[in-house]
Amino acid sequence: MADASSIRWREGASERTGRWLSPGTAIPSDIGSADDGTTAAAALARARRGEGLVYGGDYRNARQLLAAMARRLERPARGSAGGRPRPSGPGLAPPAQASPAHAWEIERERRREAHDVLGRLLVPVEPGFRVPLARAPDASAALAEALAADAAPPGLLPLRDLLGMIGAHEWRRRGVEVSALGARVHPHFGVYAPVRSEYVDLVAAAASEWPAAGKRALDVGTGTGVLAFVLARAGAAVVATDAEPRAVACARENAARLGLDGRVVVKEADLWPEGEADLVVSNPPWLPGEAHGPLERAVYDPGGRFLERLVLELPAHLAPGGEAWIVLSDLAELLGLCPPDRVAALAARAGLRVSDVREARPLHPRARDRDDPFHAFRAREVTRLFRLVH
């Protein structure tokens, strides 16, 4: 949910009061101003001190300033012994002597800093979801979709959030083609899009190999609803759950678009609805760590708690003879962020066993990006579907 706290800022000689509209960035400790004459170095220094900068100039110049600040964060800094450059920003290779897990944590910390610092370049939002900067686009539809349920202007919004909301509006309008469905799924702002097709394809193949027709199925952490729709198309009656209201609204809208709202019931729930299921399916977050913003909650699982709860609580929600399909990347294991065979170990604790495993290589672009400092690990990544039974 967006933080609805009151916030004050100055526009010229006037003092304004409004709401903090960001759903994933903390309120800055202080609020100042910036304009077309503000340099990237000055803006970055002020933002690093915790100051939010309300932009009062040209929209395109604001975008250029944000891009320049990001480049400076990624640039090697000076200050190590002998004056040689050392890595200091997101996207740079970690120290050669660091273990993969340590290098990953260094990179995550850099990205957290970038998220926080770049989130302090702000734009005002007026009633009607209007951005009152020169040459600003009409973003009212995008902002209404992303903010209407949480907050109403006037207020302040990080420029990065505004750009993300505009991009999400286009994704929502066009949709994402899902070959396993032969149709498009339309993600909402803050809801993870099914762009990693391997996990969807694994579930679709499993639903054919181990028939889902006639089963009472449960999709936990449904997101856009894509796995629930695959199961419904395979003949299952599905309940889909998510703890995020945005995801619930998204999945319901997609079910209606696909004509599956009679076979897929979407509920807001912390994992489990009432009742038992013959089949439980989930693609839980696969990387330990804190999420930096709403979208990352589908990827990062602090302390592995989501996966642990999911598997350990399965027996209480499976009907006699029921089974579960857990779809999970092994990237965390490759990086040393978690022990190997964690699904099997959790299943044993729950009194279950892994009866079958199916796997697929990732097809997403990052698996082929040789400039990624973790390319060697992403190139070896495998997504696995674990079939758990009593």
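If you read the sequence from its start, that first residue is 1, and numbering goes on from there.
Ring pair Y300/H292 is parallel by interplanar angle, where below 30° counts as parallel and above 60° as perpendicular.
In this structure a side-chain-to-backbone donor-acceptor pair under 3.5 Å is missing from D242 to V248. Side-chain N or O atoms of S282 include one that pairs as donor or acceptor with a backbone N or O of V220 at under 3.5 Å. At least one donor-acceptor pair closer than 3.5 Å links the side chain of R263 to the backbone N or O of G235.
For the pair V311 and A347, the tightest heavy-atom approach, listed with the atom from each and the gap, is CG1-N, 3.6 Å. Minimum heavy-atom separation, A204 to V230: CA-CG1, 3.6 Å. Residues F229 and A255 approach most closely at CZ-N, 3.5 Å, considering heavy atoms. Pairing each heavy atom of R160 with each of A114, the nearest pair is NH1-O, 3.4 Å. The two atoms that bring A146 and M165 nearest to each other are CB-CG, 3.5 Å, heavy atoms only. Considering every non-hydrogen atom in both A232 and V238, the closest pair reads N-CG2, 3.8 Å.
Ion pair R108/E296 flagged as a salt bridge, since at least one NZ, NE, NH1 or NH2 atom sits closer than 4.0 Å to an Asp/Glu carboxylate oxygen. One finds a salt bridge joining R358 and E209 here, because a Lys/Arg side-chain nitrogen approaches an Asp/Glu carboxylate oxygen to under 4.0 Å. Between R112 and E290 there is no salt bridge, since no side-chain N of the basic residue sits under 4.0 Å from a carboxylate O of the acidic one. Classification of D356 and R387 as a salt-bridged pair holds, one side-chain N sitting under 4.0 Å from a carboxylate O. A salt bridge does not link E113 to R110: none of the charged side-chain nitrogens sits closer than 4.0 Å to a carboxylate oxygen. Of the charged side-chain nitrogens involved, at least one lies within less than 4.0 Å of a carboxylate oxygen, so that R378 and D372 count as a salt-bridged pair. Using a 4.0 Å cut-off between a side-chain N of Lys or Arg and a carboxylate O of Asp or Glu, R384 and E198 do not qualify as a salt bridge. A salt bridge between E244 and R246 is absent, with no side-chain N of the basic residue lying under 4.0 Å from a carboxylate O of the acidic one.
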> Should L328 and R342 be marked as a side-chain contact (heavy atoms from CB on, under 4.5 Å) after you check the CA-CA gap, both sets of side-chain angles, and the distance that decides it?
Replying inline: CA-CA 11 Å; L328 204 65; R342 54 179 170 161; 3.7 Å; yes
> Which is it for L73 and R48 under the side-chain contact (heavy atoms from CB on, under 4.5 Å) test, yes or no, and what are the steps along the way?
Replying inline: CA-CA 10 Å; L73 280 175; R48 275 180 156 154; 3.3 Å; yes
> R216 and L279: side-chain contact (heavy atoms from CB on, under 4.5 Å), yes or no, with the steps?
Replying inline: CA-CA 6 Å; R216 297 168 296 166; L279 171 63; over 6 Å; no
>> Checking R10 against S33 for the side-chain contact (heavy atoms from CB on, under 4.5 Å) test, could you report, in this order, the C-alpha distance in whole Å, the side-chain angles of both residues, the deciding distance, and whether it holds?
In response: CA-CA 7 Å; R10 296 196 69 82; S33 62; over 6 Å; no
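For R309, the side-chain hydrogen bond (donor to acceptor under 3.5 Å, both in side chains) test picks out D270, E313, with sequence neighbours left out. With sequence neighbours excluded, the residues satisfying side-chain contact (heavy atoms from CB on, under 4.5 Å) with T17 are S6, R8. Residues passing the salt bridge (charged side-chain N to carboxylate O under 4.0 Å, His left out) test with R173 are E170, sequence neighbours excluded. Residues forming a ring pair (Phe, Tyr, Trp, His ring centres under 6.0 Å) with W272 (at least two apart in sequence, or on another chain): H317. Applying the ring pair (Phe, Tyr, Trp, His ring centres under 6.0 Å) criterion to W286, with sequence neighbours excluded, gives no partner residue.
Distance check: D58 CG to R63 CZ gives 11.5 Å after rounding to the nearest 0.5 Å. To the nearest 0.5 Å, atom OG1 of residue T383 and atom CG of residue L202 are 7.0 Å apart. In this structure, CD1 in I326 is found 5.5 Å from CG in L314, a value given to the nearest 0.5 Å. Rounding to the nearest 0.5 Å places NZ of K267 at 6.5 Å from CD of E274. With rounding to the nearest 0.5 angstrom, the CG atom of L143 is 12.0 Å from the CZ atom of R130. Rounding to the nearest 0.5 Å gives a distance of 5.5 Å between CG of L122 and CD1 of I31.
Using a 4.5 Å heavy-atom threshold, the side chains of F129 and P153 count as touching. For the pair L227 and L231, the minimum side-chain heavy-atom distance is 4.5 Å or more. Side-chain contact between R196 and D201 is absent, with no heavy-atom pair separated by less than 4.5 Å. In this structure, F189 and I166 have side chains that are not in contact, with every pair of non-hydrogen atoms separated by 4.5 Å or more. At a threshold of 4.5 Å between non-hydrogen side-chain atoms, the residues L287 and W104 count as touching.
Cluster annotation: V125 and L118 are assigned to the same hydrophobic cluster (Ile/Leu/Val/Met/Phe/Trp/Tyr, side-chain heavy-atom contacts under 4.5 Å, transitive). Under the 4.5 Å side-chain heavy-atom criterion for ILVMFWY residues, a single connected hydrophobic cluster contains both V203 and L258. Hydrophobic clustering (ILVMFWY, side-chain heavy atoms < 4.5 Å, transitive): V191 and L271 are in distinct clusters. Both L331 and L307 are part of a single hydrophobic cluster, where members link through side-chain heavy atoms under 4.5 Å apart. V176 and Y199 are not part of a single hydrophobic cluster, where members link through side-chain heavy atoms under 4.5 Å apart.
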Give every donor-acceptor pair under 3.5 Å between a side-chain atom in residues 177-184 and any protein atom, sequence neighbours left out.
unit_1	atom_1	unit_2	atom_2	d
R184	NH1	G175	O	3.0

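Looking at D36 and Y55, their side chains do bring a donor and an acceptor atom within 3.5 Å of each other. Counted by atom type alone, H390 and E323 present zero donor-acceptor pairs between their side chains at under 3.5 Å. Remark: the D161 side chain and the S22 side chain contain an N/O donor-acceptor pair separated by less than 3.5 Å.
Of the residues listed (H169, E253, E145), the one engaging H188 in a side-chain hydrogen bond (donor to acceptor under 3.5 Å, both in side chains) is E253, and it is the only one. Each of T38, L53, L44 was compared with L121 under the side-chain contact (heavy atoms from CB on, under 4.5 Å) criterion, and only L53 meets it.
More than 12 heavy-atom neighbours from other residues, nucleotides or ligands sit within 6.0 angstrom of CZ on R16.
Note: F386 and W325 fail the aromatic proximity criterion, with ring centroids not under 6.0 Å apart.
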